[in-house]
Amino acid sequence: MTFKLGLTGSIGMGKSTTASMFAERGCAVWDADEAVHRLYAAGGAAVAPLGARFPNAIEKGAVSRPALRRLIDADPDALSEIESIVHPLVRNDRARFAEETGAPVAVFDIPLLFETGSDVEMDATACVDVSRETQAERVLARGTMTRAQFEAIRAKQLPNEEKCARADFVIDTTSLESAARDVQAVLDQIGRF
Ligand SMILES: CC(C)(COP(=O)(O)OP(=O)(O)OC[C@H]1O[C@@H](n2cnc3c(N)ncnc32)[C@H](O)[C@@H]1O)[C@@H](O)C(=O)NCCC(=O)NCCS
Ligand SMILES: Nc1ncnc2c1ncn2[C@@H]1O[C@H](COP(=O)(O)OP(=O)(O)OP(=O)(O)O)[C@@H](O)[C@H]1O
């Protein structure tokens, strides 16, 4: 049986970088954001059910995120309806991946692991952690969002201290060395390799 490790942490705290370190050590990796992009793309499993409820959200056979944003701006309750359609599809995608991978350990990179209650499906959970200053520097250095947008996304997520307190393992992403050391410690504890 594949051991399921849920990996989470606030925006820009190093989930993807840490997930790659697990992959380099033989783990299979599944990424929730990537799964949503796949489900929304033309031919993806979210297109028909979202289109049935929100016909305006479909453009060129795919789910349009700007269109969804406009719907949510007009009616904030739409978000929970969208989530009630999308989350079960994400959960199916994840379950299929867990069944099909032959890897001893599968890592599930899920930004909203605790917020969505997905942690209960995991055998263990890990949270990445770095100082707020470093987090802000790294996110803003990407140049993809303003400080206000960053703060707004952070405000929607559980505080990272809370995520780390709930997680079985904490991975310090202050440097690549500290993260690699903690990743190896997690794998040693899991004991599947
Ligand atoms: C409402 C939607 C359409 C808005 O999409 P959109 O990409 O425009 O906004 P979103 O809030 O997702 O992100 C805004 C910007 O911030 C970035 N961002 C948002 N959250 C994060 C995060 N945790 N880490 C990094 N970047 C983030 C996005 O890349 C984007 O550039 C979208 O969030 C959605 O479809 N949500 C329902 C599905 C869902 O719950 N997904 C979560 C994973 S299960
Ligand atoms: N251990 C580390 N040491 C040094 N830099 C790191 C480390 N981990 C991540 N970074 C840097 O921090 C930035 C954010 O990392 P990454 O993309 O892995 O975070 P994330 O949590 O997946 O982000 P998001 O929440 O936006 O998906 C990147 O520029 C990355 O190179």
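Only this structure's heavy atoms are used, side chains among them; waters, hydrogens and symmetry mates stay out. In this chain, residues are counted from 1 in sequence order. Just follow the structure's listing: the first ligand is 1, and inside any ligand the first atom is 1.
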So for ligand 2, is [X] a polar contact partner (N or O within less than 3.5 Å, distance only)?
| X | value |
| --- | --- |
| Gly14 | yes |
| Gly12 | yes |
| Asp33 | no |
| Arg142 | yes |

Just jot down the ligand 2 atoms closer than 4.0 angstrom to any heavy atom of [X], in number order.
| X | result |
| --- | --- |
| Thr173 | 1 (N), 2 (C), 3 (N), 7 (C) |
| Leu176 | 1 (N), 2 (C), 3 (N) |
| Ser175 | 1 (N), 2 (C), 3 (N) |
| Ala179 | 1 (N) |
| Ser16 | 18 (O), 20 (P), 22 (O) |

(request) Check if Glu177 has a non-hydrogen atom at a distance under 4.0 Å from any atom of ligand 2. (result)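 Not so, Glu177 does not reach ligand 2.
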(request) State if Gly9 counts as touching ligand 2 under the rule of any non-hydrogen atom under 4.0 Å. (result)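 Gly9 does not count as a contact of ligand 2 under the 4.0 Å cut-off.
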(request) State yes or no: do Phe114 and Trp30 share one hydrophobic cluster built from I, L, V, M, F, W and Y residues joined by side-chain heavy-atom distances below 4.5 Å, directly or via other members? (result)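 Phe114 and Trp30: one cluster.
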(message) Once rounded to the nearest 0.5 Å, what's the spacing between atom OG1 of Thr125 and atom CG of Leu5?
(response)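 If I round to the nearest 0.5 Å, the distance is 7.5 Å.
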(request) Classify the contact between Met13 and ligand 2 as side chain, backbone, both or neither, using a heavy-atom distance cut-off of under 4.0 Å. (result)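 Met13 to ligand 2: backbone contact only, side chain stays beyond 4.0 Å.
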(message) Less than 4.0 angstrom from a charged side-chain N to a carboxylate O is my criterion; do Arg132 and Glu161 meet it?
(response)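 Salt bridge between Arg132 and Glu161, a charged N being under 4.0 Å from a carboxylate O: no.
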(request) Applying salt bridge (Lys or Arg N to Asp or Glu O under 4.0 Å), name anything that partners Asp31, two or more places apart in sequence or on another chain. (result)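 Asp31 satisfies salt bridge (Lys or Arg N to Asp or Glu O under 4.0 Å) with no residue once adjacent residues are dropped.
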